[in-house]
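Start at 1 and go down the list; that is how both ligands and their atoms are numbered.
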Amino acid sequence: MKIFETENDIKDNRLNAKGLSLIPTMGNLHEGHLSLIKAAKNYNNKTIVSIYINPLQFGPNEDFKNYPRTEASDIKKLKKIDCDYAFIPQDNFAKELKLIKAPSISKKLCGKNRPGHFDGVLTIINKIFSVILPSYAFFGLKDYQQFILIREFTKNYFPGIKIIGLPIIREKDGLAMSSRNNLLTRDERKIAPNIYESLKWIKNNRREFSITELVKISSEKLERNNIQIDYLGIFDKQSLKEAKNFEEGALIAIAAKLGKVRLIDNIILDKN
Ligand code: AMP
């Protein structure tokens, strides 16, 4: 696997002339990331994974400093699954970038308590896309709001790049895989599966209760388990507006804190 550290390296090697599938990550790779890479490998292109912990998407009191940094083992994992290239820029990659203002959907869900987060995400994605110019870029639906923002942004500014969204990969106990799971204490890790349980409970009981009742009952249960909810609700899949019934909404989504660690998860309802 060839590793690039600068944008000039990539340009000099004219990587995009060969057709590329890109998987942007912040490293600390787990099976969720690897599932994207495996899917990308089926697209008949060379596969490039970027690893960059983007300072622009962290707020002042967030976990940028503690975010797990595991470059050596990440590289091993990439080599093992036969990834073709990695792009691992220096820390100052995001310096002096002109901040992109994300559209109003960015103010909903995660944007409410993380002002500027999606501006930071789109700014770095814009930069990585312009350096690599892939044919396809792969994202996990765990970060659903990020996915729809990037999909819209790409339609407008990089029409040549196709965005692919892929399902959430979970631990055996249902917890959505996340680099932040490594920041949980043992006790927090034990209660963390309640997050997915609450989403499943809402899905399975959606014909028995109103949305208000569903959210109230599952919020109370989570709070009894010391899980602090940032948001929990049912939303329209496109507009992310809160839904009053399940005809209006197909996304059950949550963000919650266990101690200092903020986790997100969701279920997208199919027609049944
Ligand atoms: P991150 O390194 O957290 O920025 O994630 C990089 C990419 O991996 C994003 O597109 C995420 O949505 C995706 N991803 C993270 N966790 C999972 C998971 N459990 N299942 C599927 N995709 C994931």
Quick one: look up the protein heavy atom nearest [atom] and list residue, atom name and how far away it is.
atom: atom 20 (N) of ligand 1; result: Ile169 N, 2.9 Å
atom: atom 3 (O) of ligand 1; result: Tyr67 OH, 3.8 Å
atom: atom 11 (C) of ligand 1; result: Asp143 OD1, 3.2 Å
atom: atom 4 (O) of ligand 1; result: Met26 CG, 3.6 Å

*Using the six-membered ring wherever Trp is involved, compare the ring planes of Tyr85 and Phe4 and label them parallel, tilted or perpendicular (cut-offs 30° and 60°).*
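Tilted.
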Any salt bridge between [X] and [Y], counting N to O under 4.0 Å?
X: Lys38; Y: Glu31; value: yes
X: Arg170; Y: Asp265; value: yes
X: Asp119; Y: Lys101; value: yes
X: Lys2; Y: Asp84; value: no
X: Glu152; Y: Lys155; value: yes
X: Glu7; Y: Lys127; value: yes
X: Asp63; Y: Arg180; value: yes

At a 4.0 Å threshold, what atoms of ligand 1 neighbour a non-hydrogen atom of [X]?
X: Pro24; answer: 6 (C), 7 (C)
X: Met177; answer: 16 (N), 17 (C), 18 (C), 19 (N)
X: His30; answer: 15 (C), 16 (N), 17 (C)
X: Phe139; answer: 10 (O)
X: Ile168; answer: 20 (N), 21 (C)
X: Lys142; answer: 15 (C), 16 (N), 17 (C)

*Quick one: which of Gly140, Ser179, Pro68 has a heavy atom closest to atom 10 (O) of ligand 1?*
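Going through Gly140, Ser179, Pro68 one by one, Gly140 has the nearest heavy atom to atom 10 (O) of ligand 1.
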*Consider every N or O of Thr25 and every N or O of ligand 1, then say whether any pair is closer than 3.5 Å.*
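Min N/O separation from ligand 1 is not below 3.5 Å for Thr25.
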*asked:* For ligand 1, which is the ligand I care about here, please tell me if Leu141 has any N or O atom under 3.5 Å from one of the ligand's N or O atoms.
replied: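 Between Leu141 and ligand 1, no N or O pair is found under 3.5 Å apart.
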*asked:* Would Arg151 and Tyr157 count as a cation-pi pair here, with the cationic atom under 6.0 angstrom from the ring centre and within 45° of the axis?
replied: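 Because its charged atom misses either the 6.0 Å distance or the 45° angle limit, Arg151 does not stack over Tyr157.
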*Pair Glu62-Arg114, salt bridge (Lys or Arg N to Asp or Glu O under 4.0 Å): steps then yes or no*: CA-CA 9 Å; Glu62 294 184 354; Arg114 301 190 76 188; 2.6 Å; yes
With a 4.0 Å heavy-atom cut-off (strictly under), which part of [X] contacts ligand 1: side chain, backbone, both or neither?
X: Glu31; result: neither
X: Pro167; result: backbone
X: Ile23; result: neither
X: His33; result: side chain

_Side-chain donor-acceptor pair present, Asn54, Gln57, cut-off under 3.5 Å_ =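 Present: a donor and an acceptor within the cut-off.
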